[in-house]
2 protein chains.
Amino acid sequence: MGERLSQHERALRELRAMILQGRFEANARLSEPALAEELGISRTPLRQAMARLVEEGLLERLDTGRCRVASFTIEDIFDAIELRGVVEGTAARLAAERGISAAHAREGQEILASLDRAVSAPGGLDFETYVRLNARFHRLIAEMPGSAIIAREVERATRLPLASPSAFLQGQETVPDFAASLRHAQTQHRAIFEAITGREGTRAEALMREHARLARQNLRHVLKAGPSVAGKVPGLALISN
Amino acid sequence: MGERLSQHERALRELRAMILQGRFEANARLSEPALAEELGISRTPLRQAMARLVEEGLLERLDTGRCRVASFTIEDIFDAIELRGVVEGTAARLAAERGISAAHAREGQEILASLDRAVSAPGGLDFETYVRLNARFHRLIAEMPGSAIIAREVERATRLPLASPSAFLQGQETVPDFAASLRHAQTQHRAIFEAITGREGTRAEALMREHARLARQNLRHVLKAGPSVAGKVPGLALISN
DNA sequence: AAGGGCGTAAATGTATACAAAAAGCAGGCG
DNA sequence: CGCCTGCTTTTTGTATACATTTACGCCCTT
């Protein structure tokens with residue numbers, strides 16, 4: 001599947017990965033010519049990519065026009081997760097209020113069944129599958145209300161710096177109650193889905209917020225576990241203090 | 001105050017205004033060379049501006065790379081307003097939960113007092129002042145939680161296509177209960193502010209959502225009033241059906 | 001007359017050139 | 001020893017050139 005993608009798109013992905021992997025020190029100022037040469041492209045598509053990362057919040061534009069890598073406090077990231085829960089909660093509520101299509105219902109059931117198998121696999125937890133299905137579940141709910149705007153903004157909220165639901169899963173492998181935590185999350189997935197199909201909008205929203213709160217709790221565990229674990233979480237390196 | 005701004009920023013504002021004023025027909029495909037010449041700039045800064053408008057949702061990027069003016073259904077715009085209420089509501093709730101600074105409290109009181117004067121002016125409603133102060137009030141609440149991320153996302157939610165609280169005020173002048181509607185909104189402003197200072201987060205959030213619901217109701221009135229009134233609302237021209 | 005193919009014209013994506021502004025640095029001065 | 005000043009170097013912002021791709025209209029065919 002030769003997905004032909006443009007230079008600025010490649011640059012966007014590479015730059016984002018570089019930032020999230022902590023390849024720049026926090027607050028580092030970027031040089032367009034230097035980056036362009038490193039990426040093997042000209043400044044034009046690089047600037048496009050940088051502009052998008054500014055929109056995402058991973059880069060900050062200084063008054064002079066230069067860009068620097070943004071740094072976040074723990075509180076900032078907690079806020080981003082909170083906001084993600086709020087926006088996703090709205091999607092869940094609207095889905096419940098408006099009702100969902102049979103196709104969505106079926107796909108939700110399938111994903112949940114697969115997630116069940118992933119968290120209680122006989123040979124231990126199938127981590128990679130869980131991360132992938134978890135993302136699919138959340139995306140499905142974002143699309144349920146049938147609104148392009150809702151879907152787009154949920155997508156954005158998910159990409160708020162370090163608010164990604166699967167971001168912190170990366171570091172959880174070494175956390176004590178890791179498997180239990182994912183089973184708990186999966187329980188929440190089922191509850192959210194049932195609230196949606198049961199047309200309980202308020203409940204669906206509240207449950208989705210609770211789900212985000214679990215993500216925040218997990219982050220706290222990762223941070224407590226120390227830098228050796230925190231280092232496994234992409235982007236956690238650029239947190240200031 | 002000679003605010004020196006770059007070409008791409010001028011282009012951004014001009015293009016956004018052109019789109020919102022309905023200067024292009026819905027789904028019109030834009031030509032970079034043509035627009036660049038019309039704006040008197042080269043394609044480079046124009047492309048920057050267009051990329052940002054794609055992010056905002058006012059333009060859509062086609063698979064071929066071309067851009068077209070986005071068109072929205074009424075439902076899309078209702079969703080955008082709903083989402084704005086949700087995000088602003090979160091700002092209000094967090095402000096209440098965390099408490100606000102004395103400076104914020106004082107500024108809120110001042111704005112509310114000025115708004116009171118604007119809605120009950122002896123020589124009739126001071127409309128222009130109301131629009132300006134209303135924007136200040138909402139921005140103040142966005143900044144109250146003291147979180148850069150919250151402030152940024154509220155700002156964004158406000159700019160979601162046609163979700164701006166003051167967008168529909170433009171068309172209300174010819175709507176029957178216009179003044180009464182603004183007095184009602186002002187009552188809500190006071191209630192929201194009091195909920196925040198009273199540390200009632202849940203109530204503050206609910207009130208802010210209710211406030212957004214009023215905006216949606218106003219939009220419905222504008223639409224019912226017919227095209228002569230709807231034409232006064234910037235951007236309403238790009239609604240499909 | 002309708003449909004398809006081809007050629008021309010125009011659009012985008014990228015690279016590069018250049019001017020204005022900013023940053024850094026060396027040296028002198030207080 | 002620190003700080004300011006002027007110069008050099010770099011960086012950003014913009015324009016422009018060019019190649020590749022896409023759109024469009026015309027003509028030919030059936």
Side-chain angles (χ1 to χ4, degrees), chain A residues 1-19 23-71 238 240, chain B residues 1-19 23-71 238 240:
Chain A
M1 40 175 152
E3 189 184 331
R4 185 153 182 70
L5 47 95
S6 49
Q7 304 273 64
H8 67 263
E9 208 155 349
R10 281 196 327 114
L12 174 64
R13 298 186 189 185
E14 287 197 34
L15 238 186
R16 179 160 44 204
M18 286 164 76
I19 295 172
R23 190 165 148 184
F24 307 100
E25 43 188 318
N27 286 25
R29 278 169 284 277
L30 299 184
S31 159
E32 290 177 8
L35 261 181
E37 187 180 20
E38 178 172 347
L39 296 176
I41 61 178
S42 83
R43 278 179 56 213
T44 307
L46 172 63
R47 280 173 66 95
Q48 269 181 271
M50 289 173 70
R52 283 200 56 173
L53 289 174
V54 168
E55 285 286 316
E56 276 185 28
L58 253 50
L59 292 182
E60 282 175 348
R61 177 88 51 187
L62 276 52
D63 306 336
T64 79
R66 294 197 73 163
C67 279
R68 74 167 176 204
V69 179
S71 72
L238 53 79
S240 77
Chain B
M1 44 174 149
E3 189 184 331
R4 187 155 180 71
L5 46 93
S6 50
Q7 305 273 63
H8 66 264
E9 208 156 348
R10 280 195 330 114
L12 174 64
R13 299 187 189 184
E14 287 197 35
L15 237 187
R16 180 159 46 204
M18 287 165 73
I19 295 173
R23 188 160 152 190
F24 308 100
E25 46 189 317
N27 286 25
R29 277 171 285 278
L30 299 185
S31 159
E32 290 178 8
L35 260 182
E37 187 179 21
E38 177 171 348
L39 295 176
I41 60 179
S42 83
R43 279 178 56 214
T44 308
L46 172 64
R47 280 174 66 94
Q48 270 182 271
M50 290 173 70
R52 283 201 55 174
L53 288 174
V54 168
E55 286 285 316
E56 278 185 28
L58 253 50
L59 292 181
E60 282 176 348
R61 177 87 52 187
L62 275 54
D63 306 336
T64 80
R66 294 198 72 163
C67 280
R68 75 168 173 203
V69 179
S71 72
L238 54 77
S240 78

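Sequence lines set the chain letters: A, B, ... in the order given, protein chains first and strands last, and positions in each chain run from 1.
Between A:Ala36 and A:Leu46, the closest heavy-atom pair is N-CD2, 3.5 Å.
Here B:Thr44 lies in heavy-atom contact (under 4.0 Å) with a base. Across all strands, A:Leu30 comes closer than 4.0 Å only to sugar-phosphate atoms, never to a base (heavy-atom distances).
Mapping B:Ser42 and A:Ser31 onto DNA chain D by nearest heavy atom places A:Ser31 at the nucleotide closer to the 5' end. Position along DNA chain D of the nearest nucleotide to A:Ala34 versus B:Ile41 favours A:Ala34 as the more 5'-ward residue. Nearest-nucleotide positions on DNA chain C for A:Arg66 and A:Gln48 put A:Gln48 closer to the 5' end.
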- Query: Could you walk me through whether A:Arg66 and A:Glu32 pass the salt bridge (charged side-chain N to carboxylate O under 4.0 Å, His left out) check?
  - Reply: CA-CA 9 Å; A:Arg66 294 197 73 163; A:Glu32 290 177 8; over 6 Å; no
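If you take CZ of A:Arg68 and P of D:dT12, they are 15 Å apart, rounded to a whole angstrom. The separation between B:Met50 atom CE and C:dG13 atom P is 9 Å, rounded to whole Å. To the nearest angstrom, P of C:dT12 lies 12 Å from CZ of B:Arg29. Rounded to whole Å, the distance from CD on B:Glu37 to C1' on D:dT16 is 15 Å. C:dA11 atom C1' lies 13 Å from atom CG of B:Leu46, rounded to whole Å. In this structure, CD of A:Glu32 is placed 15 Å from P of C:dT14, rounded to the nearest angstrom. Rounded to a whole Å, the CG atom of B:Leu62 is 12 Å from the C1' atom of D:dT22. The distance between atom CG of A:Asp63 and atom C1' of C:dA23, rounded to the nearest whole Å, is 15 Å.
Within the structure, a side-chain polar atom (N or O) of A:His8 is placed less than 4.0 Å from OP1 or OP2 of C:dT14.
Among C:dA11, C:dT14, D:dT11, the nucleotide with an atom closest to any side-chain atom of B:Arg43 is C:dT14. The side chain of B:Arg47 sits closest to C:dT14 out of D:dG13, D:dT11, C:dT14. Of the candidates C:dA22, D:dG13, C:dT14, the closest approach to any side-chain atom of A:Thr64 belongs to C:dA22.
A distance of 7.0 Å separates CG in B:Leu30 from CG in B:Leu15, rounded to the nearest 0.5 Å. Here the CG atom belonging to B:Leu35 is positioned 8.5 Å from the CD1 atom belonging to B:Ile41, to the nearest 0.5 angstrom.
Using a 4.0 Å cut-off between charged side-chain N and carboxylate O, B:Glu38 and B:Arg43 make no salt bridge.
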